[in-house]
*Asks:* 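Below is the structure I would like to discuss, written out as C-alpha cells.
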Amino acid sequence: MGELKGKKIVVTGGAGFIGYHLTKRLSDLTSNLTIYDNLSSGKMENVKDVPKAKFVKGDILDAKRICNLDKADLIYHLAAQVVVPYSMENPMIDFETNAKGTVQVLEKARKDDAKLVFASSAAVYGNPTGFSNS
C-alpha cells in the first residue's frame, strides 16, 4: 500500500463499517482522502474518527455532485443499499441505488482516468440456508 502515498483517493460509502476501517488505514498512507457517503447506513462518528479525511455528504445517484468532486487517482466503491428485506420490498429503489449508482461512480472514474476498486459484502448473497463441507 506504500504506492498510495500522495494519491488522491475517494471512498464511496466510507462512513460504513467496511469503509471506516478502509479509510482509517488509507489516512495513514495519504493526506488526499475524501469520504463520500449519504449517511443512510454509515455513521458520522466513523467519519469523525478519520480526521485527516475530507467528508462530502452525497449520494452516488447524484451524478453532478459525485463527478464534481476533486479529481481522483483511485476510487474505492463501497456505497450500496444492502438491507435485504428493504430490497425485497423496494426492488426498483435497490436496483437504482446499486446499479445506477455504480454506473455514476464508474463515470467518475472514467472522467478522472482513475483506477477503481469495487468491493461488496456477503449481503449480496443473502442469508445462507445451509453449509456444505465439499
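FYI, side chains are in, hydrogens and waters are out, and symmetry mates aren't considered; it's all heavy atoms of this structure. Keep in mind it's a predicted model, so treat the numbers as computed, not measured. Along the sequence shown, the residues carry numbers beginning at 1.
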*Asks:* Hey, mind stepping through Ile18 and Tyr76 against side chain to side chain contact (heavy atoms under 4.5 Å, CB included) and telling me if it holds?
*Replies:* CA-CA 11 Å; Ile18 295 170; Tyr76 286 90; over 6 Å; no

*Asks:* Which heavy atom of Leu33 sits nearest to which heavy atom of Thr23, and what is that distance?
*Replies:* CD2-O, 3.6 Å

*Asks:* Please round to the nearest 0.5 Å and tell me the distance separating atom OG of Ser31 and atom CG of Leu26.
*Replies:* 12.0 Å

*Asks:* Rounded to the nearest 0.5 Å, how far apart are CE of Met44 and CD1 of Ile35?
*Replies:* 8.5 Å

*Asks:* For the hydrophobic clusters of this structure (ILVMFWY residues joined by side-chain heavy atoms under 4.5 Å, transitively), does one cluster hold both Ile75 and Ile9?
*Replies:* no

*Asks:* Mark yes or no for whether Lys52, through its side chain, and Ser27, through its backbone, hold a donor-acceptor pair below 3.5 Å.
*Replies:* yes

*Asks:* Would Leu74 and Val50 show up in the same hydrophobic cluster when neighbours are defined by side-chain heavy atoms closer than 4.5 Å?
*Replies:* yes

*Asks:* If you compare all heavy atoms of Leu78 against all heavy atoms of Ala119, which two are closest, and at what distance to 0.1 Å?
*Replies:* CD2-CB, 3.2 Å

*Asks:* Should we say atom NZ of Lys111 is surrounded by more than 12 heavy atoms from elsewhere, each under 6.0 Å from it?
*Replies:* yes

*Asks:* Would you be so kind as to tabulate the donor-acceptor pairs closer than 3.5 Å made by side chains of residues 101-110, with sequence neighbours excluded?
*Replies:*
from   : atom 1 : to     : atom 2 : distance (Å)
Thr102 : OG1    : His77  : NE2    : 3.0
Thr102 : OG1    : Asn98  : O      : 2.6
Glu107 : OE1    : Arg110 : NE     : 3.1
Glu107 : OE2    : Arg110 : NE     : 3.3
Glu107 : OE2    : Arg110 : NH2    : 2.5
Lys108 : NZ     : Leu69  : O      : 3.1
Lys108 : NZ     : Asp70  : O      : 3.0
Lys108 : NZ     : Asp112 : OD2    : 2.6

*Asks:* Which distance, rounded to the nearest 0.5 Å, do you find between the CD1 of Ile93 and the OH of Tyr86?
*Replies:* 3.5 Å

*Asks:* Cluster question for you: counting only ILVMFWY and a side-chain heavy-atom cut-off of under 4.5 Å, with indirect links fine, are Leu61 and Ile66 together?
*Replies:* no

*Asks:* For Asp37 and Phe55, run side chain to side chain contact (heavy atoms under 4.5 Å, CB included): C-alpha distance rounded to whole Å, both residues' side-chain angles, the deciding distance at 0.1 Å, then the answer.
*Replies:* CA-CA 8 Å; Asp37 201 300; Phe55 175 67; 4.0 Å; yes

*Asks:* Transitively linked via ILVMFWY side-chain contacts under 4.5 Å: Val117 with Leu29?
*Replies:* yes

*Asks:* So, for Ala114 and Ala72, which heavy atoms are closest and what is the spacing to 0.1 Å?
*Replies:* CB-O, 3.3 Å

*Asks:* So how far is it from Tyr36 OH to Arg65 CZ, rounded to the nearest 0.5 Å?
*Replies:* 6.0 Å

*Asks:* For Lys115, does the NZ atom have more than 12 heavy-atom neighbours from other residues, nucleotides or ligands under 6.0 Å away?
*Replies:* no

*Asks:* CE/Met92 to NZ/Lys100 distance, rounded to the nearest 0.5 angstrom?
*Replies:* 10.5 Å

*Asks:* Taking atom CG of Asn32 and atom CG of Asp73, what is their separation to the nearest 0.5 Å?
*Replies:* 8.0 Å

